[in-house]
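The chains referred to below are lettered A, B, ... by the order of the sequence lines, with proteins before strands, and numbering in each begins at 1.
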Amino acid sequence: MTPNSPLKLVWKGKDKPSNPEDDFDDLNPVITYRHMLSNNLGVRDPLRVIALCDSDAFYAACEMNRLRVDKDVPLVVLQWDMLIAVNYPARKYGISRMDKKKDALKRCPHLKVVHVATYKEGEKEPGYWDDVDTNTHKVSLDYYRRESMKIAAMFKEEVPGCEIEKASIDEAFFDFTKPVREIMLHRYPHLSKTPPGAPLGADTPLPPPPNISWNGLGNLIPVNPPPPASEDEPPDGQPNITTTSLPPEDEEVELASNKSRGDDTPTTWHDVALSIAAELMGKARLAVKTKLGYTTSAGIARNKFLAKLTASYKKPDSQSILRNTAIPNYLRPKEFQKLRFLGGKLGSALAKEFDVSTVGDLLTISLESDGMQSKFGENSVWVYEILRGIDRSEVKDKGSALTKSMLASKNLPKPITKASEGKHWIRVLAAELALRLKDAREMSPNLWPKTIVLHARKGYDAGRSKQAPFPFTREVTVDTIASAGDKLWKELVGNSMTLNVSSVQLAFTGIDVAEAGQKSIEGFLKPVSSSSVKETREPRDIFDIDQVAQPGSATNAVGDGSPQNLGNDKSQVVSLSYVCARCGKTFELPTVHHTGAGDYQDIHDQLTRAKLEHDDFHFARDLANEGSHRPLSSISSKPTPKSSKKRKASPATRGIEKFFRK
DNA sequence: CGACCATAT
DNA sequence: GGATATGGTCG
């Protein structure tokens, strides 16, 4: 029976609280030595501290850095005729996204206007040109992706031992719980051991926390927000008034008024944890600002949901802290449709069903109110909790495969009608994917896309998609990708001459590091050189294991699937290497001549032996390291309001494995 | 696994 | 709204 048992909350709706504060009655849990000294309470940890940090006007900031523009220069980033980013100096002129370039310039004639990088026609690389035309170019966000990765890398450096989840190109969540606990134990050594005379042993509450100074740590969200600034409230509380208090202009003012806002409510140990997290977050943000030139805004609170909400309290270049005690008053006036995951259909369904708009409104609706269970089913508990500031979703390190999919897409203002145009755009998109995959492989070689997907929208219809396994080829070339794309195109739009395609998207999905035993051996066999291999439009990987093991099998769905490529090359000079996906060690084999599958088999066997030996080394080393990082799958959390059904473990990995395990 | 949907920046 | 990303549903 943990103090924060979720069941308590689930059933709580049964007896309607008479005191509205009861809705938030888990916000001040008793914290014991057991809590303090446990390291695996996960999302139930009463000392959990999470932050969300996002870059201010990120694309604009990237361009300012790239062009070495002074930080006070108003600048916008353009995508065709649309503003996709407006820096803060430009916002002072009342410029916002949704404005057109024209209007923006009207408001601020000396505005710096930068168009996002584009590929043009068949260019291999994106670039910045001034003659951008949506009919011939496609946008590339690559520069921003790279900058984003730099920032993420610096964050990891700056807060070691902290789980970090990149949530989007310009946002990351931090789980500071672990490093904060260590610091707390170090700073307050009397917490590190249950005192001998403690009445309840480890379940004894901690002694009173020290008074802490929030000075310099960020903006404290007030426990008692000041009343809305304007006296003349529009009838009905309409959307264009800001219900939340306006943040003060500077932190001095904020701090001076803390007392009057009730921020002198008793300090808790969770507050101590928050304050330490704020130190760490501030340090990491400072590093990013001084070393990379990006300002950020962060929110620090007890979970992801609140951290995200808190980050928006004051921007830019600022961080804010939401104490548990400040949660109810911060949450209640918010329009729930602005909350994470309630911005879409679920949110509007709730608004319609109960005819309300704020969190406070929804708090009066119990779990078993008419319509709650029937209309929202599984979501109702999730909603119930989120409204009360409870969110058990975890911050998960997305590990090595930092990106699971790559999408290149192009909207066609003037829909295309000819097959040749389709081919053209597929080629452009393929070129981009090829480059991006190549770049990604510089960081982690052995990245493999499992599938390729083509999306197309015809006229006004909803888009349709087709996918197929992406073939094995060591060299993923534009041609490889384009022909796979062409094939999907045929299945999707056919040869009909009436086609009217207004958007095309080509994607890799299931990108992952090929791990031993997970993918087939092809992934580890890398042709170093080859001669008399004709460069066909669809170069087949000459080491495709299927060809070796089962000559003629056509499981490889590459390109046009023309059979003449299957084992038709009579003589080749090749040499092979095997690169371990885990440590990068390379095994080279001498150059061989071969005339048939038998030779392949020889090479294959030798490499297989080397690989097995090497795998054993990793296996042993893994055993030695066991125990330090086991995935905790026991904690169930619901990252999205969607179903909580668990996916079954993927079926046994098939393929080449049978060649190795005997 | 394949197609599609929901959500977000 | 365009360009991307992720995760869930359902057959």
Contact class for A/L407 (heavy atom, under 4.0 Å): base, sugar-phosphate, or nothing? base
For C/dT4 and A/K138 - does any side-chain N or O of the residue sit under 4.0 Å from the phosphate oxygens OP1/OP2? yes
Ignoring the backbone of A/K410, work out which of C/dA3, C/dA5, C/dG1 is nearest its side chain. C/dA3
Side-chain N or O of A/R436 less than 4.0 angstrom from OP1 or OP2 on C/dA5? yes
When we call it a touch if two heavy atoms are under 4.0 Å apart, what does A/K166 touch: a base, just sugar-phosphate, or nothing? nothing
Contact class for A/A167 vs. all strands (heavy atom < 4.0 Å): base, sugar-phosphate, or nothing? nothing
Please tell me if A/K404 has a side-chain N or O lying less than 4.0 Å from either OP1 or OP2 of C/dT6. no
Given B/dC4, is OP1 or OP2 found less than 4.0 Å from the side-chain N or O atoms of A/K466? no
Does a side-chain N-to-carboxylate-O contact under 4.0 Å join A/D461 and A/R457? no
Look at the side-chain N and O atoms of A/S168 and state whether any lies under 4.0 Å from the OP1 or OP2 oxygen of C/dA5. no
Can you check the A/K398 NZ to C/dT4 C1' distance for me, whole Å? 14 Å
N or O in side chain of A/R340 less than 4.0 angstrom from B/dT7 OP1/OP2: no
State yes or no: are the ring centers of A/Y294 and A/F58 separated by less than 6.0 Å? yes
Would you classify A/E491 as touching base, sugar-phosphate or nothing, given that sugar-phosphate means primed atoms plus P, OP1 and OP2, and contacts are heavy atoms under 4.0 Å? nothing
Quick one: which of B/dC4, C/dG1, C/dT6 gets closest to the side chain of A/I84? C/dG1
Describe the nucleic acid contact of A/D54 in one word from base, sugar-phosphate, nothing, applying a heavy-atom distance below 4.0 Å. nothing
Could you give the CG-to-P distance, from A/L437 to C/dT4, as a whole number of Å? 15 Å
Quick check on the 6.0 Å ring-centre criterion: do A/W448 and A/F472 meet it? yes
For A/R436, I'd like to know if atom CZ has over 12 heavy atoms of other residues, nucleotides or ligands within 6.0 Å. yes
Rounded to whole Å, please give me the gap between NE2 in A/H455 and P in C/dT6. 14 Å
Counting only heavy atoms not in A/K410, do more than 12 sit closer than 6.0 Å to its NZ atom? yes
Whole angstrom value for the distance that separates P of B/dA6 from CH2 of A/W382: 16 Å
Quick check on C/dG1: is either OP1 or OP2 less than 4.0 Å from any side-chain nitrogen or oxygen of A/N411? no
Verify the contact: side-chain N or O of A/S405 to OP1 or OP2 of C/dA5, cut-off strictly under 4.0 Å; return yes or no. no
I want to confirm an ordering. Mapping A/R145 and A/Y59 to their closest nucleotides on DNA chain C, which one lands closer to the 5' end? A/Y59
Taking C/dG2, C/dT6, B/dG2 as options, the one with an atom nearest any side-chain atom of A/W80 is C/dG2
C/dG2, OP1 or OP2 - any side-chain N/O from A/Q79 closer than 4.0 Å? no
Over all atoms of both residues, closest heavy-atom pair of A/R285 and A/F155: N-CE2, 4.4 Å
Taking B/dC1, C/dG2, C/dG7 as options, the one with an atom nearest any side-chain atom of A/M82 is C/dG2
Name the nucleic acid region contacted by A/L339, choosing base, sugar-phosphate or nothing; use a 4.0 angstrom heavy-atom cut-off, strictly under. sugar-phosphate
